[in-house]
Asks: 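My questions all concern the structure below.
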Number of protein chains: 2
Amino acid sequence: MILIINMKNMDLRDELAVLEDYLRDHDLKMTKPRQTVLETFLAIEKHVTAEELYNAVHASDPSVGQATVFRTIRLLEEAGLARSACRDDGARSYEHAYRHAHHDHLRCVECGAIVEFSDGAIERAQASVYRRFGYEPSGHHLELEGLCPSCRAKKRA
Amino acid sequence: MILIINMKNMDLRDELAVLEDYLRDHDLKMTKPRQTVLETFLAIEKHVTAEELYNAVHASDPSVGQATVFRTIRLLEEAGLARSACRDDGARSYEHAYRHAHHDHLRCVECGAIVEFSDGAIERAQASVYRRFGYEPSGHHLELEGLCPSCRAKKRA
DNA sequence: CTTCATATTGATAATCAATATCATGTATAA
DNA sequence: TTATACATGATATTGATTATCAATATGAAG
Ligand SMILES: [Zn+2]
Ligand SMILES: [Zn+2]
Ligand SMILES: [Zn+2]
Ligand SMILES: [Zn+2]
């Protein structure tokens with residue numbers, strides 16, 4: 001058990017430092033709930049909604065409230081530790097941002113499977129669009145939708 | 001006044017036919033509120049939310065209720081007359097889809113100005129991503145964010 | 001260690017977009 | 001016209017998120 005906790009702490013070190021720096025710079029305080037939310041978020045290696053994150057947080061510390069999870073995930077976003085995108089079906093979803101290179105998403109409209117990809121040609125073409133209209137780039141959201149190989153197979157069967 | 005109404009009717013002819021065909025094929029009925037919502041939607045040449053559309057509809061016919069506007073804009077989407085995308089700040093927004101070629105959006109994060117563009121290189125690169133992962137394309141959403149020329153100038157001043 | 005100003009918390013109420021419900025009104029075909 | 005199924009507007013409801021607020025915890029200063 002202690003080993004696991006130690007391993008977690010090792011993995012967390014940088015992210016924790018990023019959060020602490022952000023808090024210090026904004027006269028905010030490090031608290032137990034905020035650490036719990038950060039740890040839980042970092043332990044989930046996929047896209048999560050605030051609700052899903054709350055469930056996970058609640059499992060390891062039932063005293064943490066929903067509101068705090070919503071507040072903290074926004075904080076993580078501002079601190080550069082999380083990235084968010086609005087999901088077409090309602091709830092906003094979040095993913096890791098620190099030490100996770102920019103990527104776009106390819107989602108199966110049938111089963112929801114998500115492929116994360118990065119494509120140089122797309123990025124370069126986007127840069128040229130920015131230049132064409134004289135805009136200064138500050139980010140973008142690209143989601144490709146389609147039918148994944150296994151759902152295509154099922155549909156043919 | 002009559003002239004304007006006639007002009008509107010001319011512009012509407014095709015779109016109205018598209019909706020009528022869709023309604024007939026689905027055993028649905030053409031009604032006054034549905035026509036009003038369609039006319040109003042087509043008269044607005046920019047992205048609108050259901051709420052904004054309701055306000056415009058209400059101006060020309062106060063008897064039409066909000067629920068009907070929500071229902072009808074979804075209907076227009078299904079009929080291929082409207083396209084929607086979820087806006088980062090909350091409400092879903094809609095734009096014309098009939099006889100409006102696919103395009104992507106470049107939005108100023110400062111003033112909200114939107115440039116609609118279409119870029120062959122981006123579309124081709126996306127097609128190659130679909131092939132790479134064996135997905136069958138069914139659509140995509142791309143929004144570039146940045147600072148428009150005039151906001152860049154203001155920022156420098 | 002104690003003080004103390006200030007930030008944070010969890011519970012709850014409130015907001016916002018979007019849907020569901022339902023009694024009443026209306027389109028359309030026979 | 002008459003029947004039938006669909007559509008409507010008002011209203012209640014949902015679901016995600018945010019605001020409010022009294023009680024608590026943090027962290028810097030003394
Ligand atoms: Zn699939
Ligand atoms: Zn991702
Ligand atoms: Zn601008
Ligand atoms: Zn557009």
Side-chain angles (χ1 to χ4, degrees), chain A residues 16-17 19-41 47-79 82 84-94, chain B residues 16 19-41 47-79 82-94:
Chain A
L16 197 56
L19 180 55
E20 282 168 342
D21 287 352
Y22 180 86
L23 294 174
R24 199 178 3 266
D25 291 353
H26 295 258
D27 291 304
L28 303 175
K29 295 167 181 173
M30 175 54 81
T31 66
K32 182 95 176 302
R34 281 175 177 165
Q35 265 196 55
T36 305
V37 173
L38 175 60
E39 286 173 16
T40 307
F41 174 63
H47 301 174
V48 285
T49 63
E51 174 72 18
E52 290 161 350
L53 181 56
Y54 167 69
N55 290 334
V57 166
H58 193 260
S60 82
D61 183 351
S63 74
V64 178
Q66 287 203 12
T68 297
V69 174
F70 273 92
R71 287 189 282 237
T72 306
I73 190 68
R74 265 194 303 170
L75 193 64
L76 297 184
E77 192 179 2
E78 282 155 25
S84 78
C86 70
R87 234 165 46 171
D88 217 39
D89 65 311
R92 180 169 299 268
S93 80
Y94 295 86
Chain B
L16 196 56
L19 180 55
E20 282 168 343
D21 288 351
Y22 181 87
L23 294 174
R24 200 176 4 264
D25 291 352
H26 292 78
D27 291 305
L28 303 175
K29 295 165 181 172
M30 175 54 81
T31 65
K32 182 95 177 302
R34 281 176 178 164
Q35 265 196 55
T36 305
V37 172
L38 175 60
E39 285 173 17
T40 308
F41 174 62
H47 302 175
V48 285
T49 64
E51 174 72 17
E52 290 160 351
L53 181 55
Y54 167 70
N55 290 334
V57 167
H58 194 260
S60 82
D61 182 351
S63 74
V64 178
Q66 288 203 13
T68 297
V69 174
F70 272 92
R71 287 188 282 238
T72 305
I73 189 68
R74 265 193 304 169
L75 195 64
L76 297 184
E77 192 178 4
E78 282 155 25
R83 253 197 297 271
S84 78
C86 71
R87 236 165 44 172
D88 217 39
D89 65 311
R92 178 169 302 266
S93 79
Y94 295 86

Asks: Give a yes or no on whether the backbone of A/Y54 and the side-chain of A/H58 come within a donor-acceptor separation of less than 3.5 Å.
Replies: no

Asks: Should A/L75 and A/L23 count as side-chain neighbours, where that means a heavy-atom distance under 4.5 Å?
Replies: yes

Asks: Kindly give the heavy-atom pair with the smallest separation between B/S93 and B/H47, and that separation in Å.
Replies: OG-CB, 4.2 Å

Asks: Taking atom P of D/dA28 as reference, at what distance in whole Å does atom CG of A/L23 sit?
Replies: 12 Å

Asks: Measure the distance from CG on A/D27 to P on D/dA25 and round it to the nearest whole Å.
Replies: 22 Å

Asks: Expressed in angstrom and rounded to an integer, what is the separation of A/Y22 atom OH from C/dT8 atom P?
Replies: 11 Å

Asks: Can you build the contact string for nucleotides 16-30 of chain C? Use B for base contact, S for sugar-phosphate-only contact, and - for no protein heavy atom under 4.0 Å.
Replies: -SBB-B-----B---

Asks: Are side-chain heavy atoms of A/Y94 and A/T49 found at a separation under 4.5 Å?
Replies: no

Asks: Which residues pass the salt bridge (charged side-chain N to carboxylate O under 4.0 Å, His left out) test with B/R83, sequence neighbours left out?
Replies: B/E95

Asks: Figure out the CG/C1' separation between A/L19 and C/dA7, and round it to whole Å.
Replies: 14 Å

Asks: Rounded to whole Å, how long is the line connecting atom CZ of A/R34 with atom P of D/dG27?
Replies: 10 Å

Asks: Could you list all the salt bridge (charged side-chain N to carboxylate O under 4.0 Å, His left out) pairs where at least one residue sits in residues 50-78 of chain B, not counting sequence neighbours?
Replies: none

Asks: Expressed as a whole number of angstroms, how long is the span from A/E52:CD to D/dG15:P?
Replies: 15 Å

Asks: Expressed in angstrom and rounded to an integer, what is the separation of A/L75 atom CG from C/dA7 atom P?
Replies: 14 Å

